[in-house]
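Working notes, beginning with the structure itself.
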Amino acid sequence: TADAAVMIDSHLDEAHERGLADDVLDGLTRPFKELPPKHFYDERGCELFDAICELPEYYPTRAERSILESDAEAIVAATGATELVELGSGTAAKTRVLLDAMSDASRLRRYVPFDVAESVVRSSAEQLVAEYPGLRVHGVVGDFERHLDRIPGPDGGQRRIVALLGGTIGNFPPGSRRRLLRRIAALLGPGDHLLLGTDLVKEPAVIEAAYDDAAGVTAEFNRNVLRVVNRELEADFPLDGFAHVAFFDRRNEWIEMRLRALRPCSVMVGALGLRVELAAGEEIRTEISAKFTRTRVEQDFAAAGLRLAGWHTDGDERFALSLAAP
Ligand code: AVJ
């Protein structure tokens, strides 16, 4: 049966195991308030993110897909990979392009999706084994920053691609970004490759529109983190009391999303016995999303002991997929 081909290891089952309580306690008692972006992604958050990917302003998903569509065959050939490990696999929409290229080269053996969202890992695993005869899926539910070492080793000396797509690496500030790359590098044996998706530096107005769409979907996505905190930690953030803010920080070359309190606001986080006071106009930073140049990608790889082995961009140079080798 299909089920024999699927195995899921879960290292998280409750939102608090993602560190939500710690992140709220740390992040909302700082002089400059902050919540990490991983808490956007409950079921509703995943749906909102999928809706963002369809927006006319949000180019990264389409740009990355177009690179995969034109270059997946070359990428698969250059790596000789038979296994795909995907970090932050989400709904695995773009993954199919890579799996198709591996399958066309008669090289597809195993897919290892790794994500915080258990339901998404489970349902994509089941769909994929039904779609690709002979494919085995070993899903891992966990947090990037804590559970990368739970990823199974290569199956019998197979070569693999470890993919971190979508520009997710941009959510990590420079120091943690390099630490994450070092941990990923530790998963690579000789002959293995990292496939990294990075959004590229471009005209700020284009980037800002992508994170502040006319339909207001990104604003809802941003406010969703407050819904998650309200539900999981018995808090009472008034959602209509916060405006969505997105701006490109030219010095750091990253987009920043914030939630700005429209009026003075006193919030109780029941589960933590914590009262959080916000002044009118005070902001909570909810995400940074760094934009890259080829030089920056090469430097980050070098800092993690990796070398750039391939560089693929879309025709408009909006986005890049790079291959790195140990
Ligand atoms: C999923 C992290 C790649 O930074 O572009 C989309 C998330 N935030 N719109 C990004 C996001 C606002 C996205 N990543």
Side-chain angles (χ1 to χ4, degrees), residues 36-38 60 63-64 67-68 70-72 74-89 94-95 98 112 114 142-151 153-154 157-202 204 207 248-256 287-314 316-326:
K38 68 179 164 190
E64 185 177 50
I67 304 167
L68 282 170
S70 51
D71 295 1
I75 290 168
V76 166
T79 61
T82 53
E83 284 195 11
L84 176 64
V85 178
E86 188 177 14
L87 308 178
S89 50
K94 282 167 290 191
T95 314
L98 277 171
V112 180
F114 178 98
D143 182 328
F144 273 8
E145 287 163 293
R146 288 182 297 146
H147 303 117
L148 282 187
D149 58 346
R150 315 286 172 89
I151 289 175
Q158 305 285 324
R159 284 193 185 187
R160 54 188 185 173
I161 296 176
V162 177
L164 179 56
L165 301 178
T168 305
I169 189 72
N171 279 172
F172 295 84
S176 348
R177 183 196 305 154
R178 291 182 172 190
R179 182 171 59 225
L180 178 61
L181 288 173
R182 277 195 298 275
R183 288 185 183 156
I184 295 173
L187 298 172
L188 303 177
D192 292 344
H193 287 84
L194 165 63
L195 180 65
L196 184 71
T198 47
D199 195 12
L200 298 177
V201 171
K202 61 182 67 61
I207 302 176
F248 187 65
D249 176 332
R250 291 168 194 248
R251 192 171 57 91
N252 289 309
E253 296 186 315
W254 65 46
I255 188 107
E256 222 171 286
E287 182 173 58
I288 64 162
S289 185
K291 307 305 164 192
F292 292 79
T293 57
R294 179 176 169 146
T295 306
R296 168 155 323 147
V297 170
E298 270 183 301
Q299 288 169 344
D300 285 342
F301 283 160
L306 295 168
R307 69 178 170 84
L308 184 69
W311 176 260
H312 302 260
T313 61
D314 58 308
D316 304 325
E317 305 249 310
R318 289 175 298 175
F319 200 93
L321 276 179
S322 42
L323 274 175

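FYI, side chains are in, hydrogens and waters are out, and symmetry mates aren't considered; it's all heavy atoms of this structure.
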At what distance, to the nearest 0.5 angstrom, does [atom1] of [X] lie from [atom2] of [Y]?
X: D300; Y: L180; atom1: CG; atom2: CG; value: 10.5 Å
X: R182; Y: L306; atom1: CZ; atom2: CG; value: 10.5 Å
X: I161; Y: D192; atom1: CD1; atom2: CG; value: 9.5 Å
X: S289; Y: I207; atom1: OG; atom2: CD1; value: 9.0 Å
X: L87; Y: H147; atom1: CG; atom2: NE2; value: 14.0 Å
X: L181; Y: L164; atom1: CG; atom2: CG; value: 8.0 Å

Locate the shortest heavy-atom distance separating [X] from [Y]; write the atom from each residue and the value.
X: L148; Y: R183; value: CD1-CB, 3.9 Å
X: W254; Y: A290; value: CB-CA, 3.5 Å
X: A304; Y: R178; value: CB-O, 4.4 Å
X: G170; Y: F292; value: CA-CE1, 4.0 Å
X: G80; Y: R159; value: O-CB, 3.7 Å

Steps toward side chain to side chain contact (heavy atoms under 4.5 Å, CB included) verdict (R294, Q299): CA-CA 9 Å; R294 179 176 169 146; Q299 288 169 344; over 6 Å; no
Are [X] and [Y] side-chain neighbours, meaning at least one heavy-atom pair lies under 4.5 Å?
X: V85; Y: L187; result: no
X: E64; Y: H312; result: no
X: S176; Y: F144; result: no
X: F301; Y: L194; result: yes
X: D249; Y: I255; result: no
X: R177; Y: I169; result: yes
X: I184; Y: V162; result: yes
X: F172; Y: I288; result: no

Step-by-step side chain to side chain contact (heavy atoms under 4.5 Å, CB included) determination, V297 to T295: CA-CA 5 Å; V297 170; T295 306; over 6 Å; no
For the pair D149 and R146, find out whether any cationic side-chain nitrogen is under 4.0 Å from an anionic carboxylate oxygen.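 Result for this pair is no, no salt bridge flagged.
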Strictly below 4.0 Å, N to O, side chains only: are R307 and E298 in salt-bridge contact?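 Looking at R307 and E298, the cut-off is not met.
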Partner set under salt bridge (charged side-chain N to carboxylate O under 4.0 Å, His left out) for E287, not counting sequence neighbours: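 Partners of E287 under the salt bridge (charged side-chain N to carboxylate O under 4.0 Å, His left out) test: none.
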I'd like to check the salt bridge (charged side-chain N to carboxylate O under 4.0 Å, His left out) partners of E83; sequence neighbours left out, ordered by chain and number.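 Salt bridge (charged side-chain N to carboxylate O under 4.0 Å, His left out) list for E83, sorted by chain: R110, R160.
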Decide side chain to side chain contact (heavy atoms under 4.5 Å, CB included) for L200 and T293; before the verdict, give the C-alpha distance in whole Å, the side-chain angles of both, and the deciding distance to 0.1 Å. CA-CA 6 Å; L200 298 177; T293 57; over 6 Å; no
Determine, stepwise, if the pair E253 / R296 fulfils salt bridge (Lys or Arg N to Asp or Glu O under 4.0 Å). CA-CA 11 Å; E253 296 186 315; R296 168 155 323 147; 3.0 Å; yes
Residues T313, L321; criterion side chain to side chain contact (heavy atoms under 4.5 Å, CB included); working and verdict: CA-CA 6 Å; T313 61; L321 276 179; over 6 Å; no
Short side-chain to backbone donor-acceptor contact, E86 and A163, under 3.5 Å: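 No, because the side chain of E86 does not come within donor-acceptor range (under 3.5 Å) of the backbone of A163.
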By side chain to side chain contact (heavy atoms under 4.5 Å, CB included), which residues pair with D314, not counting sequence neighbours?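 Here the qualifying residues are A63, S66, I67, D316, R318, F319.
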